[in-house]
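What follows is a short report on a single structure.
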Amino acid sequence: MLDLVQKQITKYPQVTGIEVGGSYAKGTWLPEKADIDVFIKFQTSVSEKDFANIGKKIGFDALKNFKPYIRYAEHPFVEAKIKDTKVNLVPCYGVEEGKWKSSADRSTFHTKFMKKSLSESMKDEVRVLKRFLMNNGIYGAEIARQGFSGYVAEVLVLNFGSFLGVLKAISEIKQGQIIGNATKEFDTPIVIMDPIDGKRNLAAAISTDNIGNFVFVSRAFLKNPSIKFFMPRKIQKTPKSVTKNTLVLTFRYRPRSPDIIWGQVKRAANSIATQIGQAGFVVLKKSALVEEDTSSAALLFLLQTTKLDESYLRVGPDFFGADFSAKFIIANKKKSIMMWVNDDGKVCSLQKRPQSDASLLVKNLLKKNIEKSGISAGLKEDISRFNLVLGDKITSKSIKEAIAKLVSTDETVFSSS
């Protein structure tokens, strides 16, 4: 692979060399899970456009025999599998430490830093931590997961010395606690500093629920250490009473990069959940599923109920506030079924709900008001050809599994309670 890349970069004087990174270079890979990152170093004078275009050209030409495809971080990069080993060809600038032009510029410095800082025993501790995170469903920095990356696992072991040291620290962590040395303030539940960049918070890319699950599963393991924490979970059988309150929206999409479609689908789930909530429904949880093999996606929404009373109550100001109560009456009188003053002196209005069925609400949103839905422009055409059913009507095995995960309690995570 290195020979193939080396052959291609000789065609471009803008490229100053290549460097191997990833878990393989740092000695922290898992069995059958090694990933090899090759960083293609560009002169700092190269424009962002040439940086991206030449990087892609080198990647596709070098890996043309291995079905290469585009992935996205801050900039596009090329990925392929060679004999079941994932290979990433990533463009970066050959900068001095701290003078970053792209986010990938730090990566070669990460490799040098970890090779120098991690002892052989600590590398094995990283492996144990990675497996622990993986089997508890919180490993991986990709948009689909928003979990703890391999580099974060290395940083945590470096800070706390061992797998057990990490779990003890995480089990007792406080809100806003900073791990490492920060040169600025951050607004995230916890802060994990990049040891080579005092302005970069690695925890910013980790979802709050994944941080919470790590805290709970760490407490559970320390309370009752067991090999079950490193074993695949059994999905519980889902009660029909819960699945029938799950809205499942499915659609097919035009093939595109996994990072792009996952980003679009997750944003769509957030936007639709907001619209459902604004209509008076309670969205308990939501999730998304992308099946790259079939170019299909699903959005799942667990609601407290999918149907509401046809009327709802609006409570206004008290009658002592003449101006405020008058404005409330004027604004709501035509929409009111009835108005009255309650025992607390508040002006009340009983009104007909615009939509009492969550399924019809979502259908109308996507058929008649998609421009106001908050769904990204790149997904509107795909999602407009949707199918919407309740969870208890689903026949797809993968979606059934996604529903089961959405509505079940992870007994391992919450066993510490």
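This is a predicted model, so every value here is computed, not measured.
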Got [X] and [Y] here, is their nearest side-chain heavy-atom distance under 4.5 Å?
X	Y	value
Leu158	Phe113	yes
Leu156	Leu129	yes
Asn213	Asn136	no

Are there over 12 heavy-atom neighbours, none belonging to [X], within less than 6.0 Å of that residue's [atom1]?
X	atom1	result
Met231	CE	no
Gln175	CD	no
Lys57	NZ	no
Glu291	CD	yes
Glu142	CD	yes
Tyr24	OH	no

Taking all atoms of both residues into account, what is the closest heavy-atom pair of [X] and [Y], and its distance?
X	Y	result
Thr111	Ala25	CG2-CB, 3.9 Å
Leu247	Ala358	CD1-CB, 3.9 Å
Leu89	Met1	CD2-SD, 4.1 Å
Phe251	Arg385	CB-O, 3.8 Å
Ala269	Lys286	O-CD, 3.7 Å
Ile196	Glu97	CB-OE2, 3.9 Å

Under 6.0 Å between ring centres: does that hold for Trp100 and Phe109?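 Yes, ring centres under 6.0 Å apart.
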
Measure centre to centre between the rings of Phe221 and Phe229, then say whether the value is under 6.0 Å.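 Yes, close enough.
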
Do side-chain atoms of Asp105 reach the backbone of Cys92 as a donor and acceptor pair under 3.5 angstrom?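 Answer holds: no.
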
Quick one: does any side-chain atom of Lys285 pair with a main-chain N or O of Leu406 as donor and acceptor, under 3.5 Å?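 Yes.
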
Salt bridge (charged side-chain N to carboxylate O under 4.0 Å, His left out), that's the test. Do Asp309 and Arg353 meet it? Break it down for me. CA-CA 8 Å; Asp309 290 335; Arg353 195 181 298 278; over 6 Å; no

Salt bridge (charged side-chain N to carboxylate O under 4.0 Å, His left out) partners for [X], two or more places apart:
X	value
Lys26	Glu154
Asp259	Arg71
Asp35	none
Glu96	Lys99

Go through Thr28 and Met114 one step at a time and tell me if the side-chain contact (heavy atoms from CB on, under 4.5 Å) criterion holds. CA-CA 10 Å; Thr28 58; Met114 287 301 172; over 6 Å; no

Could you name each residue pair satisfying salt bridge (Lys or Arg N to Asp or Glu O under 4.0 Å) that touches residues 158-174, not counting sequence neighbours?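 Listed by first then second residue: nothing to list.
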
Filter on salt bridge (Lys or Arg N to Asp or Glu O under 4.0 Å), then keep only pairs touching residues 116-131, sequence neighbours left out; what's left?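 Found Glu120-Lys123, Asp124-Arg127.
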
Let's go through Phe42 and Phe51 carefully: what are the C-alpha distance in whole Å and the side-chain angles of both, what is the deciding distance for ring-ring contact (aromatic ring centres under 6.0 Å, His included) to 0.1 Å, and is it a yes or a no? CA-CA 7 Å; Phe42 282 76; Phe51 175 80; 5.3 Å; yes

Between Glu48 and Lys101, is the closest basic N to carboxylate O distance under 4.0 Å?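 Looking at Glu48 together with Lys101, the answer is no, because their closest N to O distance does not fall below 4.0 Å.
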
List in chain and number order the residues that pass side chain to side chain contact (heavy atoms under 4.5 Å, CB included) with [X], two or more places apart in sequence or in another chain; answer none if no residue qualifies.
X	answer
Asn88	Asp37, Phe77, Glu79, Lys86, Val90
Thr250	Val248, Ala298, Asn387, Ile399
Asn159	Val155, Ile179
Ala80	Leu63, Phe66, Pro68

Side chains of Ser171 and Ser218, donor plus acceptor under 3.5 Å: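 The criterion, which ignores hydrogens and geometry beyond distance, is not satisfied for Ser218 and Ser171.
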
Check: Lys266/Gln146 side-chain N/O donor and acceptor closer than 3.5 Å: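 Looking only at side-chain atoms, Gln146 and Lys266 do form a donor-acceptor pair, the distance falling under 3.5 Å.
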
Side-chain donor-acceptor pairs under 3.5 Å in residues 317-333, sequence neighbours left out?
unit_1	atom_1	unit_2	atom_2	d
Asp318	OD1	Phe320	N	3.0
Asp318	OD1	Gly321	N	3.3
Ser325	OG	Gly321	O	2.7
Ser325	OG	Ala322	O	3.1
Asn332	OD1	Arg314	NH1	3.1
Asn332	OD1	Gln351	NE2	2.8
Asn332	ND2	Phe328	O	2.8

CA sep, side-chain torsions, deciding dist, call: Asp382, Arg254, salt bridge (charged side-chain N to carboxylate O under 4.0 Å, His left out): CA-CA 7 Å; Asp382 298 311; Arg254 289 159 293 141; 3.2 Å; yes

Test Asp194 against Arg200 for salt bridge (charged side-chain N to carboxylate O under 4.0 Å, His left out), laying out the working first. CA-CA 6 Å; Asp194 188 334; Arg200 184 174 183 235; 2.9 Å; yes

Mind running side-chain contact (heavy atoms from CB on, under 4.5 Å) on Leu390 and Thr246 for me, showing each step along the way? CA-CA 6 Å; Leu390 296 179; Thr246 305; over 6 Å; no

Throw together a table of side-chain donor-acceptor distances under 3.5 angstrom for residues 300-308, partners on residues two or more places apart or in other chains.
unit_1	atom_1	unit_2	atom_2	d
Thr305	OG1	Lys307	N	3.3
Thr305	OG1	Lys307	O	3.0

